[in-house]
Structure formats: structure tokens, C-alpha cells
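Bear in mind the structure is a predicted one, so any value in this text is a computation, not a measurement. Note that ligands are numbered from 1 as they come in the structure, with each ligand's atoms numbered from 1 the same way.
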Amino acid sequence: MVFSSPISLFAEWTLLFLLLLSLKRRYLSSLRDIPGPFFASFTGLWQIFRIIKGDEHVAMIKLHREHGPFVRVSEKEVSVGDPDAAREVLQAHLRKVSSTVFFLVYPLTPEREAHTEFYSVFSLPDYNYVNQMSECDPKEVIRRSRNVNAGYALSNVIRSEPEVDALVQLLEQRLDECISQPQKQASAVVDLNHWITYFTFDVLGEVTFSKPFGFLAAGRDIRDTVANSRYLVAYLAFVGRYPALHHATLGNPLLSRLGIQPTSHIYDTVEAAMADRSHNPHVRRDMMAQWEGVREAHPDRMEEGEIGNAALANVGAGGDTTSATIQACLHYVINTGNGGLLRRLREEMDGAQSRGELSETISFAETQRLPFLQACIKETYRCHPAFGTAYSRMVPPEGFTVGGRTFTSGTVLSVNSWVINTSRSVFGADADTFNPDRWLDPEEVKRMAPYLMHWGTGYNQCPGRNLANLETCKVVAQLVRDYDIEPTQPGGSFTFKNRLLCLADPHFCRLKRRGKVG
Ligand code: HEM
């Protein structure tokens, strides 16, 4: 008689268990008729594979074009690709989530526990620091948003425009220095990603804490904050699929303050900025001041910790995303249509310049009077949504009906902005092409704008969109007017991987100062 060793017996039973579990998920689930990749129907590993490849957006657009409005992307997650159904999902007050916590294919924890859900990994440095992003309960998100909204209002953001202008000037100064070094040259190859990201992070410092972080001034990545934020995003993309693992290890309050993980680095940066601000005699009515005002007026409604957590969410969410968007816009304008788009934009801008309608540092108000520039920026929001993973929501106990189908409790419904932004039913047969002209007809704008998902929609829409839009309008206008920008690769040197966010890789372009017009 042959006895198996305890280890091989355990392995055999485990394999049998996993096989039965996979068969159950594949063939007995209420989602079994929804098409999608075979592996996705019984394991979350398909999504991990997409993160590794950095192509979630490409895969999702392809799958929806092949299979229609619903695609099953994990054993309990269904991607919604119909634009109206997607809006319904995001505008309903469904709980935020992304996926059940899996260990390989086995669900590790009950999916309803707040600190085991995808969005919960955005609590930095650990789950005790809940912010608007990491909060999963819609009612709580709305309460928190009400407390911090005044800081993000356009009227408040505009108040910081003179300080943003100083940073635009410093950005140009740094680019000019790159061009003229080492010996006086007419042009030079510059990594736009490097400088524009320094700019966007410095703006966050200025608008949130009344002081830039100092990246542009120093001309380098101080304390490797920008580089670290890349690791942080990639790290969150993975652990977002296995939050329990994060909360049990690096995101655990016992370990989170050791400072060995990317999450604590960003926390330390913000803590230092807040400490510095408390001694700064030149503090303006910045975002922190707005939030402190709300807390003073409504101590019952807003906890003190919410202020720091909101500041942290800004720095986590607003630097790389805005930088990638500015770079994507420059890339599309310069490399689409054999230079035709750039010529048209230049004509518009040079015309305004010679009529004396553009200041030395172009103001936000001036950019609003340039319709083709605005069309190029809207088209960039459509073609490069920087939040590249799906917004996901949990079906409540009573179920949820959308797009003619009822989903049962616990199903995750998710919406990928790239899928909706390239929907041919909304944007036409040329939805895959960068075509700013589609935004020049006001009637068409009215019809299409509600389907733009760049900022998300519903209760979780990006609160930083006014600031991000102000930065994008100003920097794109300024750089297009003042520089000739040529990619170092034919067709453009802007590339990116989609790992949670679609952040730019190093973006080398040849830069040359343009002569003054007007
Ligand atoms: C072009 C740049 C930006 C893009 C594309 C973008 C996009 C988004 C999206 C899509 C969301 C919602 C994600 C979801 O529903 O899962 C979001 C949330 C958020 N964004 Fe932005 N964002 C940008 C810039 C900014 C800036 C500059 C700030 C700060 C000033 C900011 C602060 C936030 C915060 C705090 C949240 C969490 C809000 C919540 O969960 O209620 N973002 N962003």
C-alpha cells in the first residue's frame, strides 16, 4: 500500500479545491453568460497580468468592441461599456470598490469590510488615514467632499494664479537653460516629463501649502519624491487587487511608520510641508486655509485629520496625472496630421499675440478665448484619460438593474474611462483619432461632453479638475507659443504604461526658442 506524504496530500487537496472553486465560478455564477477572457471568469490574475503589461485600456476597448456592453473581467467583476449604462452606474450612489480580496484565486476576506477594498489602499500611510479617495461609503465621500470643496473651487484656484505664473516663468527659465547649455546652442534635447512633472508638483505645493516643493528651483527631484510617486502608483495598482495583503503588511499601522515603503514617503513629504507652512509668515488663502476655515465654522462636521488627509490626497492624485495630460496634449498637437494641427493652433495663438491679447505669461482667462486650443485640450481629455484603471462600484443587497440587466448583490460593476471616451456611438466612426474639430460645434459639445470620463462622474468625480485644467491650459499655450518642440522619435516620443494611472515615460523632445510674434 502506498501512502502519500502529508505535503503531497495537502497539495492534492488544495488543487482539487481550487479546481472545484474555479468550475463553480465559471459555470455556476450568475455572471456565467457574460462574455470575457476565459481566465477572467474564475481568477483575478487576468487583471494582474494586465497591470504587468500596462495595457488595461487597450484590452478593455478591444473586448468591448468584440463583446458589446458587458464584459466579465474577474469572477465577480463586470465592465460596463455602454456610455449611458456607465453613467448610470457612476451616478447611482453605489459603494466604491474594485475587487474582492483574492489570494491567487481564493477570496481571502469578506468583501464588505471597508479596509479590505481596493480604494482603501489609497489611505496613506495606512488604513487609519482615510481620505476622500479611500473612503468607500458614498454618504461619507459626499460629507467629506462638502468639507473640502471650497478649496477646489475655480474662484479659489484662480486666487493662486500669480504664484502659478511665477512657476510657469521658472519652468521656461529652466528649459532655456537646458537649451543654452553646455555651450550656447540653438536647441537641445530635453526630457519634458522631467520638467513638467516638477512644475505640476510645485503647483500642488503652492496651491495647497502656499509654497512650492522646490523641484523647479532646485532643478532636481528633491528626496526622490517624484520618482517615488511612480513606485507608489505601481505598488497601489498591484495591492489594490489584494488590499488585505497590503493592510496586513506594508500598509499595517505597525509597519507603516517605518518609512520603508513608498506610501510613507509621500506622507512624510506632506507632513514636512504642513510643518513648514505653520512657520510661514506668507501663507495665503490657500487650500489648507480654506479647509481650516470650514473646520473652524463647522467643528461638528469636519474632523481635524480630514485637513491633512485631503492635502495628502492632493499630492498623491494631482501631480503626475496633470503632467501626463499636459504632455499628451503637446504630443497630439505636434504629431497629428503632419503638423496641420500645430499650424492651426499657432495661427490662432500668433493672431491673438499680434492683437495684444496674450500676456508674457499667458493667463487662464486668455486661454479661454482661444477656441482651437480649448478644442485640443478637450480632445486630449478624451484621448488620454490619466486615470487608466476602471472606476468600480459594488452592487447593493437589493441588486441593481442597468442596461436591461439585473445584477445581484456583491457583483462589482466597473467603468473604464478609455472605453467610454472612445465609444463610437458617442464620438463617431473616428473615435480612435485625435480630432479637436469635433469640439468646435456647440451643439455637438452639449451632446458629447456628458460622456467624457476623464474626471470620472458622479459623487467621486475629481475635485482637482479646476486646478488641473488651469495648469493644462496655461502650460500648453505657453510652450506652444514660445518653443518649437520636435519629438526625438518619428511619430512622437510620448509613451506610457497604464498601471492605475497612465503616466508618461521619459519624454525626450528637441526644444528651440521661437522668435517673438507681434
Ligand atoms: C489631469 C489631471 C487629473 C486627472 C485626469 C484626474 C482624475 C481623477 C479621477 C478620474 C478621479 C476619480 C477616481 C475614481 O472615481 O476612482 C480623481 C479623484 C481625485 N482627484 Fe483627480 N485628477 C487629476 C488632477 C487632480 C489634481 C490636480 C488634484 C488636486 C488638486 C486631484 C485630486 C483628486 C482627489 C483628492 C481625488 C479623490 C476624490 C474622491 O475620491 O472623491 N486630481 N481624479
Side-chain angles (χ1 to χ4, degrees), residues 86 89-91 94-98 117-124 130-149 151-154 156-157 160 164 196-197 199-209 236 240 270 286-288 290-291 306 309-329 377-378 380-393 414-418 420-421 452-473 475-476 500-504:
V89 167
L90 296 179
Q91 290 185 349
L94 305 181
R95 201 179 160 76
K96 284 199 251 174
V97 72
S98 184
E117 292 171 349
F118 168 80
Y119 280 91
S120 66
V121 299
F122 294 103
S123 289
L124 304 177
V130 177
N131 56 47
Q132 248 181 297
M133 186 76 175
S134 61
E135 175 58 61
C136 293
D137 176 358
K139 274 205 200 100
E140 262 298 291
V141 178
I142 292 164
R143 182 191 67 77
R144 283 172 184 271
S145 306
R146 207 153 59 101
N147 289 338
V148 294
N149 275 349
Y152 296 109
L154 183 60
N156 191 48
V157 166
S160 294
V164 176
I196 294 177
T197 307
F199 167 83
T200 53
F201 271 97
D202 270 350
V203 168
L204 282 175
E206 189 61 75
V207 173
T208 314
F209 309 106
L236 293 179
V270 170
D286 55 15
M287 282 196 187
M288 292 282 291
Q290 287 281 357
W291 299 333
E306 283 178 46
N309 291 342
L312 196 76
N314 271 9
V315 179
D320 296 304
T321 43
T322 310
S323 171
T325 305
I326 294 170
Q327 293 176 66
C329 188
I377 289 172
K378 280 211 188 73
T380 304
Y381 292 157
R382 189 183 74 80
C383 291
H384 190 87
F387 198 98
T389 202
Y391 316 132
S392 35
R393 304 291 183 260
S414 61
V415 175
N416 186 300
S417 50
W418 285 76
I420 309 304
N421 282 14
L452 262 193
M453 294 281 158
H454 187 67
W455 311 112
T457 185
Y459 71 88
N460 202 45
Q461 198 178 29
C462 174
R465 57 193 183 281
N466 288 325
L467 177 60
N469 186 49
L470 175 129
E471 292 178 68
T472 306
C473 290
V475 174
V476 170
L500 182 69
L501 304 178
C502 298
L503 305 182

One should read off an interatomic distance between M133 CE and N460 CG, to the nearest 0.5 angstrom, of 6.5 Å
Look at atom 37 (C) of ligand 1 and say which protein heavy atom is nearest, naming residue and atom and giving the distance to 0.1 Å. M133 SD, 3.3 Å
With sequence neighbours left out, what residues match R144 under side-chain hydrogen bond (donor to acceptor under 3.5 Å, both in side chains)? none
Closer than 4.0 Å to some heavy atom of A386 - which atoms of ligand 1 meet that? 5 (C)
Tell me which protein heavy atom sits closest to atom 7 (C) of ligand 1, plus the residue, atom name and distance to 0.1 Å. H454 O, 3.7 Å
What protein heavy atom sits nearest atom 10 (C) of ligand 1, and how far off is it? Y391 OH, 3.2 Å
R95 vs K139 side-chain heavy atoms within contact, under 4.5 Å: no
Backbone N or O of P138 within a donor-acceptor pair of the K96 side chain at under 3.5 Å? no
Determine whether the aromatic ring centres of F387 and W455 lie less than 6.0 Å apart. no
Nearest-contact summary for atom 29 (C) of ligand 1 - protein heavy atom, Å: N314 OD1, 3.4 Å
With heavy atoms of V141 as the reference, note each atom of ligand 1 found under 4.0 Å away. 41 (O)
Run through the protein N/O/S atoms less than 2.8 Å from atom 21 (Fe) of ligand 1 and write them out by chain and number. C462 SG
Are any of the heavy atoms in K96 under 4.0 Å away from ligand 1? yes
Non-hydrogen side-chain atoms of T208 and V315 separated by less than 4.5 Å: no
Taking the side chain as everything from C-beta on, heavy atoms only, tell me whether V164 gets closer than 4.5 Å to F199. yes
Would you call I196 and T322 a side-chain contact if the rule is heavy atoms closer than 4.5 Å? no
Are the side chains of T389 and N416 in touch, meaning some heavy atoms are under 4.5 Å apart? no
If you define the side chain from C-beta out and look only at heavy atoms, does anything of F209 sit under 4.5 Å from M287? no
I need the contact type for T208 against ligand 1. Using non-hydrogen atoms and a strict under-4.0 Å cut-off, is it side chain, backbone, both or neither? neither
Nearest protein heavy atom to atom 16 (O) of ligand 1, by residue and atom, and its distance? Y119 OH, 2.5 Å
Does R393 come within less than 4.0 Å of ligand 1, judged by its heavy atoms? yes
Taking the side chain as every heavy atom from C-beta outward, state whether C329 and T325 have any pair of such atoms under 4.5 Å apart. no
If we number the atoms of ligand 1 from 1 as shown, the ones under 4.0 Å from a heavy atom of L467 are 30 (C)
Test of proximity, N460 against ligand 1: N or O pairs below 3.5 Å: yes
Can a cation-pi geometry be assigned to R393 and Y459, taking NZ or CZ under 6.0 Å from the six-membered ring centre and within 45° of the ring axis? yes
Could you tell me which atoms of ligand 1, counted from 1 in the order shown, lie closer than 4.0 angstrom to a heavy atom of A313? 35 (C)
I'd like to check Y391 versus T457 (side-chain heavy atoms, cut-off strictly below 4.5 Å). Are they in contact? no
With a 4.0 Å cut-off on heavy atoms, is Y152 touching ligand 1? yes
Note: ligand 1 atoms sitting under 4.0 Å from heavy atoms of T322 are 1 (C), 2 (C), 24 (C), 27 (C)
Measure the distance from atom 1 (C) of ligand 1 to every protein heavy atom, then report the residue, atom name and distance (to 0.1 Å) of the closest one. T325 OG1, 3.1 Å
Closest approach of L452 to K378 (non-hydrogen atoms, all atoms of both residues): CD1-O, 4.2 Å
